[in-house]
Protein chains: 2
Amino acid sequence: MGALPRESTVDVLEKRLREDILGGRRPAGSYLPPERELADEFGVNRTTLKHAFGRLVQSGLLETKHGVGTRVRDFLRHGGADLLPMLVGHSPDWIGEIFEVRRSIGELIAERAAARATPAQTAELRRLLAAVGEAEGGEGAQLADAEVHRALARATGNRVYVLLTNTLFNAYLPVRAALAGPFADARTAHDRLAPVVAAVAAHDEAAARAAAGVYLSTTERIMLDDLARARRRRDGVR
Amino acid sequence: MGALPRESTVDVLEKRLREDILGGRRPAGSYLPPERELADEFGVNRTTLKHAFGRLVQSGLLETKHGVGTRVRDFLRHGGADLLPMLVGHSPDWIGEIFEVRRSIGELIAERAAARATPAQTAELRRLLAAVGEAEGGEGAQLADAEVHRALARATGNRVYVLLTNTLFNAYLPVRAALAGPFADARTAHDRLAPVVAAVAAHDEAAARAAAGVYLSTTERIMLDDLARARRRRDGVR
DNA sequence: GTGGTCCAGTGGCTCAGCCACTCAACCACT
DNA sequence: AGTGGTTGAGTGGCTGAGCCACTGGACCAC
């Protein structure tokens with residue numbers, strides 16, 4: 001894989017500010033100190049701080065007004081789904097809620113894909129499914145699995161589902177390694193996913209929805225168990 | 001309302017670059033000119049350009065690598081649902097696809113809300129619904145309507161639905177004024193939405209899903225008609 | 001070939017400073 | 001008193017110049 005990107009100053013700064021906000025140490029509605037002052041506190045240049053501010057503004061966590069100041073926003077009120085990755089990293093409560101939505105939307109996507117997939121798309125689905133079974137190692141199977149889900153989203157013919165799928169995948173990113181359980185054995189992963197692809201290829205909407213439901217709840221259970229185990233282990237060490 | 005925010009240099013720059021990318025003038029995979037050069041082209045400072053870059057990177061439209069350059073990414077591959085507002089502004093095709101997803105997810109939310117809403121939440125829903133009927137003017141009814149949908153999302157007990165609702169609302173923002181049709185008469189808007197709230201309050205999941213489906217497809221039809229009419233009018237003038 | 005070194009080109013970050021905007025206090029006039 | 005204009009301190013927006021850190025290809029010594 002390679003290409004591990006170092007963390008830049010702005011990355012660190014952004015993370016720090018974000019933690020302060022999500023952790024409630026900078027309550028919604030309150031004003032941050034002036035940029036000059038805050039930059040001094042963090043020991044960075046004002047320009048650098050502004051780059052971090054820019055990102056948080058775009059995320060919907062901050063709001064700056066020229067001549068007035070920078071205020072913390074209520075992210076549950078204004079924030080979009082792109083906040084999920086940082087929320088997952090900040091508090092584990094979110095992952096369960098994401099799973100529930102993933103399941104509902106996954107069923108929806110499978111149903112729509114069954115209704116509308118073109119022959120070329122079903123062929124691609126079969127090809128990508130086969131790649132899951134032949135993947136090397138758990139990480140390979142996990143990535144191959146993700147490709148199948150992307151293709152399913154494309155097969156709905158609705159690009160919004162593609163973007164939603166991206167958003168949900170991004171949400172898993174911070175904990176991806178901990179969620180590799182369902183993909184430990186490539187063959188098993190393949191067999192679990194196969195019914196979904198088969199039902200979509202057969203244009204059987206109800207079966208596709210049902211198969212997706214089974215697939216998602218099965219993998220979900222394994223992942224949540226893994227997370228719970230990891231948490232127990234970590235707490236035991238403490 | 002007030003508070004019209006002027007467009008800053010960075011805003012303009014971001015918009016310009018985004019249009020170039022979404023319009024295909026900067027194809028995915030291609031490298032942008034070096035920052036120093038591009039800043040000269042636009043007649044802005046390199047720091048300012050970097051602020052615009054920062055936003056586009058966060059959106060998933062660009063990717064910068066230290067020592068190498070800045071490359072355009074394939075947003076359908078990497079972009080999240082937060083791209084929707086800019087996509088709607090760029091091409092009208094998206095709005096139909098968004099409507100379809102809004103309808104499916106809206107049904108889902110109504111069903112879940114019916115299953116899980118607390119007494120306090122149903123009371124709030126009734127209060128917000130009443131506010132729709134009493135709103136002044138189309139814009140007021142539209143905003144009040146949005147508040148009901150936010151409350152429905154909260155009533156699912158799953159905060160991811162809240163964020164998804166925000167994302168979809170944000171997607172409408174660029175064309176909000178053109179979609180005020182269903183809310184021209186506050187009383188009608190109220191009566192159309194009432195069955196959804198009633199079914200949720202009665203904890204009748206199936207009825208809530210059905211009522212939401214009716215509500216969403218009705219308002220959707222009105223909005224799409226309005227858009228088509230506006231387009232015809234505009235094209236007629238041309 | 002193989003490995004190491006160098007260097008031009010790129011983005012990351014800093015610095016000092018001016019500009020533009022907001023708001024509240026104040027003042028002048030009615 | 002009330003109204004409306006002015007001012008100034010404080011804030012974020014933006015600039016220009018410059019150094020640092022990283023990458024990758026060209027080149028060289030072996």
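All heavy atoms count here, side chains included; hydrogens, waters and symmetry mates do not. Protein chains get the first letters and strands the later ones, always in sequence-line order, with residue 1 at the start of each.
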Check: Contact class for B/T47 vs. all strands (heavy atom < 4.0 Å): base, sugar-phosphate, or nothing?
Finding: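 The residue B/T47 makes base contact.
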
Notebook entry, point to check: Given C/dC13, D/dC14, C/dG12, which nucleotide is nearest the side-chain atoms of B/V10?
Noted result: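 When the side chain of B/V10 is considered, D/dC14 is the closest of C/dC13, D/dC14, C/dG12.
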
Checklist line | Heavy atoms from other residues, nucleotides or ligands near CZ of A/R16 exceed 12 (cutoff 6.0 Å) | finding: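 Not buried by this count: 12 neighbours or fewer within 6.0 Å.
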
Notebook entry, point to check: With no angle test and no hydrogens, is the base of D/dG10 tied to the side chain of A/R36 by a donor-acceptor pair under 3.5 Å?
Noted result: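 Under the 3.5 Å cut-off, the side chain and the base do not form any donor-acceptor pair.
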
Item checked: Sidechain N-carboxylate O distance under 4.0 Å for A/E63, A/R77 ->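 No.
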
I'd like to check the side chain to side chain contact (heavy atoms under 4.5 Å, CB included) partners of [X]; sequence neighbours left out, ordered by chain and number.
{"X": "A/R127", "result": "A/E124"}
{"X": "B/Y31", "result": "B/V68, B/R71"}
{"X": "B/D40", "result": "none"}

Notebook entry, point to check: Is there a residue in residues 49-57 of chain B whose heavy atoms reach under 4.0 Å of DNA chain C, and which residues are they?
Noted result: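 Contacting residues: B/K50.
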
Note to self: Can you measure A/E35 atom CD to D/dG12 atom C1' for me and round it to whole angstrom units?
What the structure shows: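 One finds 5 Å between C1' of D/dG12 and CD of A/E35, rounded.
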
Note to self: Without decimals, in angstroms, what is the distance between B/L32 CG and C/dT10 P?
What the structure shows: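 Computing the B/L32:CG to C/dT10:P distance gives 12 Å.
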
Just the atom pairs and distances: protein N or O near nucleotides 7-9 of chain C's N or O, under 3.5 Å.
| unit_1 | atom_1 | unit_2 | atom_2 | d |
| --- | --- | --- | --- | --- |
| C/dG9 | N2 | B/G67 | O | 3.1 |

Next item on the list: Check whether any side-chain N or O of B/E7 sits under 3.5 Å from a backbone N or O of B/V12 as a donor-acceptor pair, and report yes or no.
Entry: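 Pair absent, no side-chain N/O of B/E7 close to backbone of B/V12.
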
Item checked: Any side-chain donor near an acceptor of the partner, B/T47 and B/N45, under 3.5 Å ->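 B/N45 and B/T47 do have a side-chain donor-acceptor pair below 3.5 Å.
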
Next item on the list: Name all residues meeting the ring-ring contact (aromatic ring centres under 6.0 Å, His included) criterion together with A/F99; count only those two or more places apart in sequence or in a different chain, and write none if there are none.
Entry: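 Only A/Y172 meet the ring-ring contact (aromatic ring centres under 6.0 Å, His included) criterion with A/F99.
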
